[in-house]
Amino acid sequence: MEDEAVSGAQLIAQALRAQNIEYMFGIVGIPVTEIAIAAQAAGIKYVGMRNEQAACYAASAVGYLTGRPGVCLVVSGPGFLHTLGGMANATINCWPLIVIGGSSDRNQETMGAFQEFPQVEAGRLYNKLSVRPSSLEVIPAVIEKAVRTSMYGRPGSCYIDIPGDFVNLQVNKSSVKYTECCLPPPISMAEHSAVSKAASVIALSQQPLLIIGKGAAYSHAENNVRKLVDLCGLPFLPTPMAKGVVPDNHPNCVAAARSMALQHADVIILLGARLNWILHFGLPPRYRQDVKVIQIDICAEELGNNVRPAATLLGDINAVTEQLLEEFNRRSWKYPSNSEWWQKLREKIKNNEERSKGLALQKSLPMNYYTVFHHIRELIPKDCILVSEGANTMDIGRTMLPNFYPRQRLDAGTFGTMGVGLGFAIAAAMVARDRTPGRRVVCIEGDSAFGFSGMEVETICRYNLPILIIVVNNNGIYTGLDANSWEQILKFGDLATCVPPVSLLPNAHYEKIMSAFGGKGYFVKTPEELQNALKASVADKQTPSLINVMIDPQSERKKQEFPWLTRSNL
Ligand code: ADP
Ligand code: MG
């Protein structure tokens, strides 16, 4: 039988499919167009985006949501460079991702080829692996290694560089080193003595606190984590993206007393979260000097960062939580629900919730953040996937909008990246369409955050993804100007020297971007208009929509004991 020829593009597509890759996001052009076409032919879903950065964010969100990396496909030089933010964001969030970049033809290298750039070298800083296959024959093996590396251990991004001349080059199938799908990540468990030490520390605690991080969400540990909370009666606090691992309305959730819980806990069980800026490094004054931290993580190098832990449990969160469950079942220990610590926490929760309620019910116009989120909470589906970014929009939204299911909140994350929202929403909608049909994606954006990738609205409409985007519009970054002040500047000032750097155009009609592409756009200024627009958007399960909500440009967060998430105040 004659040997069949296969092109580089086909080899890449088939190798990705062999590794069970389902989704590819990108922008085609020389030299990668044929790769996208071959990917579709191999059964991979391809979503053409408008900016490589958003494509890369989308692919990384697939990795977080499904546990298998999405692929971002880009052209050489500038196309590749636009993915740096996405690769860094994925690696810093510990999410698996594969980026495939076309590059110059091999025989033009160093000659000033079209869009020539040292991509493999540049990729090293952002990726667990940055490689270029040396021949067509090894492409499947390189792709297997990249997919495996992205998922094993602490997940992260991997970059594969494809010389332009590889794409249409052909080889005989018989000479190709075909590679089977890599095995699922091996599951590691903590050493027995560490489990028993951790349990002893927890059992002696007076004021324990369980912190659930997005590692717990990523590892699908929700059932075991919930059992642990229930069995041990522990107060718990989710980090922003771990909301929903245990539902926010669980009676042991102390999110509304966050600062106090962190500040006074004597034992903290850290389940898949790093003691970085989000958790104030685990240091005073946000924590007790003598707090005992029990760290559970898949990455050994993480253990001991910033604090000297009382116990370290190295392993997969789901498996280690199971070990803890066994240990506590044996000990039949439960933290008493009538302790002084619980009483203090409950009192604080009540007070804080009342303060938010007061702000939410304010009738004055323009609306404040709390009023807007109050209505959103009342009207969006309970099981929707929430994507959120912006400054106050994200921070206040996090406290006001509950999550009831795991992996249903995506936000600016560990890297604090603005501009991720639309890419994440597109990825979530693609995954939801395949896995949980009918589940809606609600993407709540500050007006500034929306601007980073606003043209992806066209992508949303092109693929007919019924995403509901809500732009919480305060005319600026952090704060903005009202229309009158703007008029004054126009009359008397030089725009470039007088417009505050935080300002964006007042009353910008972002909803028209949505209607321009066939979706529904709403411009709302009052609670009634907001309610009507929300009801209509939620009821229409087929059409993408954008609600542009005008709020008071000077609206702020309620006063914080410790202003959170502002670096200067750490
Ligand atoms: P958060 O933003 O919620 O605080 P981080 O991203 O800081 O969470 O931390 C997540 C942690 O989870 C990382 O240190 C990562 O190594 C860890 N992790 C990821 N997957 C697993 C897993 N399967 N088992 C254990 N730890 C994991
Ligand atoms: Mg804003």
Side-chain angles (χ1 to χ4, degrees), residues 63-64 67 89-96 150-156 184-190 211-221 224-225 237-245 270-282 295-303 305-306 312-322 369 372 389-396 398 406-407 409-416 418 444-452 471-481 502-506 508 510 548-556:
Y64 176 63
N89 191 65
T91 296
I92 287 173
N93 275 321
C94 315
W95 293 355
S150 76
M151 299 189 301
Y152 279 32
R154 171 179 272 174
I187 292 170
S188 48
M189 298 214 274
I211 298 181
I212 306 172
K214 67 177 175 299
Y218 177 76
S219 69
H220 287 245
N224 280 336
V225 176
L237 187 71
T239 62
M241 269 196 259
K243 274 162 65 76
V245 168
L270 201 59
L271 209 54
R274 286 166 284 179
L275 287 177
N276 55 18
W277 65 283
I278 292 187
L279 288 172
H280 320 287
F281 313 110
Q295 263 183 301
I296 301 159
D297 207 288
I298 204 164
C299 173
E301 288 85 343
E302 187 57 39
L303 306 172
N305 274 347
N306 300 335
T312 51
L313 306 182
L314 177 63
D316 173 71
I317 294 187
N318 196 34
V320 175
T321 311
E322 186 126 18
Y369 283 105
V372 170
E389 60 173 337
N392 282 327
T393 299
M394 183 171 75
D395 292 348
I396 301 171
R398 185 184 50 249
R407 296 170 295 284
R409 181 185 159 88
L410 294 161
D411 68 20
T414 309
F415 211 22
M418 292 300 144
I444 305 177
E445 302 268 306
D447 52 332
S448 161
F450 175 72
F452 285 88
V471 176
V472 182
N473 190 348
N474 67 347
N475 303 339
I477 305 169
Y478 305 119
T479 56
L481 291 177
V502 292
S503 285
L504 296 168
L505 188 71
Y510 296 111
N548 183 13
V549 191
M550 298 311 302
I551 63 161
D552 180 352
Q554 300 296 321
S555 178
E556 285 282 359

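Whatever order the structure lists ligands and atoms in, that order sets their numbers, starting from 1. In this chain, residues are counted from 1 in sequence order.
Under 4.0 angstrom from ligand 1, the non-hydrogen atoms of Thr239 all belong to its side chain. Within the 4.0 Å heavy-atom criterion, the part of Arg154 lying near ligand 1 is the side chain and not the backbone. Proximity of Ala273 to ligand 1, defined as any heavy-atom pair under 4.0 Å, is shared by backbone and side chain alike.
The protein heavy atom nearest to atom 27 (C) of ligand 1 is Ile298 CG2, 3.6 Å. At the top of the distance list for atom 14 (O) of ligand 1, counting protein heavy atoms only, stands Asp297 OD2, 2.6 Å. Gly215 CA, 4.0 Å is the protein heavy atom nearest to atom 19 (C) of ligand 1. The protein heavy atom nearest to atom 2 (O) of ligand 1 is Lys214 NZ, 2.7 Å. Nearest to atom 23 (N) of ligand 1 among the protein's heavy atoms is Asp316 OD1, 2.8 Å. In this structure, atom 25 (C) of ligand 1 lies nearest to the protein heavy atom Ile317 CG1, 2.9 Å.
Taking a cut-off of under 4.0 Å to the non-hydrogen atoms of Tyr218, the atoms of ligand 1 that pass are 20 (N). Per-residue contacts place Gly272 under 4.0 angstrom from the following atoms of ligand 1 (heavy atoms of the residue considered): 8 (O), 9 (O), 10 (C), 11 (C), 12 (O). Listed by number with element, the atoms of ligand 1 under 4.0 angstrom from any heavy atom of Gly213 are 3 (O). Shown in contact with Ser219 at under 4.0 Å from a heavy atom are these atoms of ligand 1, numbered in order with element: 22 (C), 23 (N). Close approach of ligand 1 to Thr414 is summarised as follows: ligand atoms under 4.0 Å from at least one heavy atom of the residue are 2 (O), 6 (O).
Between the side chain of Asn473 and the backbone N or O of Val549, no donor-acceptor pair lies under 3.5 Å. No donor-acceptor pair under 3.5 Å is formed between the side chain of Lys214 and the backbone N or O of Gly272. Under the 3.5 Å distance criterion, the side-chain polar atoms of Asn475 are left unmatched by any main-chain donor or acceptor of Pro553.
The residue from Leu313, Ile211, Ile317, Asp297 that alone fulfils the side-chain contact (heavy atoms from CB on, under 4.5 Å) condition with Leu271 is Ile317.
Residues Leu314 and Ser188 are not in side-chain contact: their nearest non-hydrogen atoms beyond the backbone lie 4.5 Å or more apart. Taking 4.5 Å as the limit, every side-chain heavy atom of Arg274 sits out of range of all side-chain heavy atoms of Leu279. Considering only heavy atoms from C-beta on, Thr393 comes within 4.5 Å of Ile444 through its side chain.
In terms of the side chain to side chain contact (heavy atoms under 4.5 Å, CB included) criterion, residue partners of Ile92 (sequence neighbours excluded) are, by chain and number, Thr414, Phe415. By the salt bridge (Lys or Arg N to Asp or Glu O under 4.0 Å) test, Glu302 pairs with Arg154, sequence neighbours left out. Remark: Arg407 engages His220, Glu222 in a side-chain hydrogen bond (donor to acceptor under 3.5 Å, both in side chains) (not counting sequence neighbours).
Put simply, OG on Ser219 and CD1 on Ile298 are 8.0 Å apart, with the number rounded to the nearest 0.5 Å.
Between the side chains of Tyr369 and Asn474, at least one donor N or O sits under 3.5 Å from an acceptor N or O.
Distances shorter than 2.8 Å separate the Mg ion (ligand 2) from the protein N/O/S atoms Asp447 OD1, Asn474 OD1, Gly476 O.
A parallel orientation is assigned to the rings of Tyr218 and Tyr64, their planes being inclined by less than 30° (bins at 30° and 60°).
Judged by the shortest distance from any of its heavy atoms, Gly315 lies inside the 4.0 Å radius around the atoms of ligand 1.
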